[in-house]
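The structure appears right after this line, and notes come after that.
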Amino acid sequence: MMTRQILASGVLAILAALPASAQMTAYGTAARVNGVEISNETLEKNFEEYQRENNVNVGAIRHPLRVTEMKREVLDTLIDQELVWQVVQERDLYASSEIVDQSVDRIRGQFPSEDEYVTRITIEGFTPEGYREHVRRMVSGQLYLETVAETAAVSADEIHDFYADNPDKFEVPEMTRARHILLTVHPNADAETRARVRGRMDAIVAQLEDGADFAVLAATHSEDSSNDNGGDLGYFSRGQMVPQFDQAAFTTAVGEVSGIVETIYGLHLIKVEDRQPPQVVPESMAQQQIYEHLLEVKRRQAMREEIATLRAAADIEVLLPL
């Protein structure tokens with residue numbers, strides 16, 4: 001549930017599921033995978049977890065077909081998990097005790113206390129020993145699919161073709177680097193409050209005109225978190241800031257300070273430190289990023305194909321109208 005997940009159609013998300021080989025069938029069977037049952041009880045527990053993790057309120061969904069689709073997604077995940085687990089057992093590909101213990105420790109570490117950890121897994125139907133076995137199953141399957149994914153490879157031609165076919169992905173827009181000083185004013189502030197804040201800003205403007213350093217004034221007077229860095233906002237492109245700030249930042253000359261700019265946050269002074277024109281990232285500089293992207297796409301595809309292969313060879317019975 002909270003260990004590192006692998007992206008293979010959600011197949012190894014660590015959900016609150018009892019190992020299929022040990023599931024109770026008191027509430028009937030949702031599916032069979034090569035004769036191994038997945039109980040309705042397990043499906044319902046996982047569907048509840050799905051709703052919590054995705055912030056889904058089933059009662060607010062008007063079309064019942066959507067609820068059915070979501071429940072089928074959960075059942076398909078359980079089927080995929082069981083298929084992978086069966087391969088792990090057949091090929092003796094179990095994760096080592098050390099890896100399992102590390103995974104359990106990472107999960108336990110995300111709870112404020114041991115009691116809260118035990119309470120959570122108990123709610124989901126596990127004893128500490130049973131949950132460790134569940135994690136062993138999930139991690140073993142994850143490692144198996146990662147081994148499958150290691151067959152993925154990316155050629156130089158594929159990298160070049162991706163760069164040539166996606167020119168828009170390598171365009172860098174005009175960028176400005178600026179510092180600012182912010183004096184906050186609530187949007188509903190009265191005229192007297194606004195006048196008082198503007199008077200403070202006028203005094204800062206006067207100090208700048210007398211030669212004071214902008215960064216020092218920002219560190220001293222600005223009410224924005226950037227004051228720790230002398231008001232430096234780094235580089236940003238058009239549209240990243242609110243309209244009034246954006247307009248001033250891209251029309252003020254490099255090295256100059258804008259006039260007082262009013263936004264929903266208050267009053268600003270903006271000093272433009274640098275401006276970079278639009279440019280295209282050279283292929284040589286983009287190659288590593290493209291390689292990593294294509295490799296991840298191929299790894300995911302390899303895992304999806306492995307699951308599809310396992311499904312095609314399996315005897316899968318879905319016993320619910322999903």
Taking all atoms of both residues into account, what is the closest heavy-atom pair of [X] and [Y], and its distance?
X    : Y    : answer
A248 : V261 : CB-CG2, 3.7 Å
N40  : T29  : OD1-C, 3.6 Å
M303 : A149 : CG-CB, 4.1 Å
A249 : T176 : O-CG2, 3.6 Å
P321 : T68  : O-CG2, 4.1 Å
V33  : I38  : CG2-CD1, 4.0 Å

Flag, side chain of [X] to backbone of [Y], donor-acceptor distance under 3.5 Å:
X    : Y    : value
D246 : G239 : yes
S258 : T252 : no
R179 : N229 : yes
E116 : S113 : no
K298 : A153 : yes
E73  : Y50  : no
H63  : L65  : yes
T184 : Y265 : no
N227 : D224 : yes
R194 : P187 : yes

Does [X] have more than 12 heavy atoms from other residues, nucleotides or ligands lying within 6.0 Å of its [atom1]?
X    : atom1 : value
Q247 : CD    : no
E114 : CD    : yes
N55  : CG    : no
Y117 : OH    : yes

E292 and E296: CA distance, side-chain angles, deciding distance, side-chain contact (heavy atoms from CB on, under 4.5 Å) verdict: CA-CA 6 Å; E292 292 172 359; E296 182 60 25; over 6 Å; no
So [Y] and [X], do their side chains get closer than 4.5 Å, heavy atoms only?
X    : Y    : value
D202 : R198 : yes
S226 : H180 : yes
R177 : D232 : yes
W85  : V36  : no
L320 : L43  : yes
Q81  : M138 : yes

N-O pairing of [X] and [Y] below 4.0 Å:
X    : Y    : result
R72  : E69  : no
E133 : R136 : yes
R299 : E146 : no

Relative to each other, are the rings of H293 and F162 parallel, tilted or perpendicular (30° and 60° limits)? tilted
Rounded to the nearest 0.5 Å, how far does [atom2] of [Y] lie from [atom1] of [X]?
X    : Y    : atom1 : atom2 : answer
D161 : I290 : CG    : CD1   : 10.0 Å
E48  : I123 : CD    : CD1   : 11.0 Å
D115 : R120 : CG    : CZ    : 15.5 Å

Verdict with supporting geometry, K71 and E44, side-chain contact (heavy atoms from CB on, under 4.5 Å): CA-CA 8 Å; K71 188 169 288 190; E44 291 304 321; 2.9 Å; yes
Hydrophobic clustering (ILVMFWY, side-chain heavy atoms < 4.5 Å, transitive) - are [Y] and [X] grouped together?
X    : Y    : value
L267 : V242 : no
I270 : V254 : no
M70  : L75  : yes
V185 : F245 : no
M241 : I264 : yes

Side chains of D80 and T77: is there a donor and an acceptor less than 3.5 Å apart? no
L143 and L93: side-chain contact (heavy atoms from CB on, under 4.5 Å), yes or no, with the steps? CA-CA 8 Å; L143 292 176; L93 299 175; over 6 Å; no
Set out, in order, the CA-CA distance, both residues' side-chain angles and the distance that settles side-chain contact (heavy atoms from CB on, under 4.5 Å) for I307 and V84, then state yes or no. CA-CA 8 Å; I307 295 297; V84 172; 3.5 Å; yes
Applying the salt bridge (charged side-chain N to carboxylate O under 4.0 Å, His left out) test to E82, which of R32, R137, R311 qualifies?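 Running salt bridge (charged side-chain N to carboxylate O under 4.0 Å, His left out) over R32, R137, R311 with E82 returns exactly one hit, R137.
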Please tabulate, for side-chain N and O atoms in residues 203-221, each donor-acceptor pair with protein atoms closer than 3.5 Å (sequence neighbours left out).
residue : atom : partner : partner atom : Å
D213    : OD2  : A215    : N            : 2.9
D213    : OD2  : V216    : N            : 3.0
T220    : OG1  : V216    : O            : 2.8

Residue from F250, Y235, F236 passing side chain to side chain contact (heavy atoms under 4.5 Å, CB included) with M175: Y235
Derivation of the side-chain hydrogen bond (donor to acceptor under 3.5 Å, both in side chains) call for E90 and Q86: CA-CA 6 Å; E90 290 168 5; Q86 289 178 13; over 6 Å; no
With sequence neighbours excluded, what pairs up with V281 under the side-chain contact (heavy atoms from CB on, under 4.5 Å) test? F170, V172, M285, A286
Could you go through the salt bridge (charged side-chain N to carboxylate O under 4.0 Å, His left out) check for R132 and E129 one step at a time? CA-CA 5 Å; R132 184 186 184 282; E129 296 76 15; over 6 Å; no
Sorted by chain and number, sequence neighbours left out, ring pair (Phe, Tyr, Trp, His ring centres under 6.0 Å) with Y291 holds for none
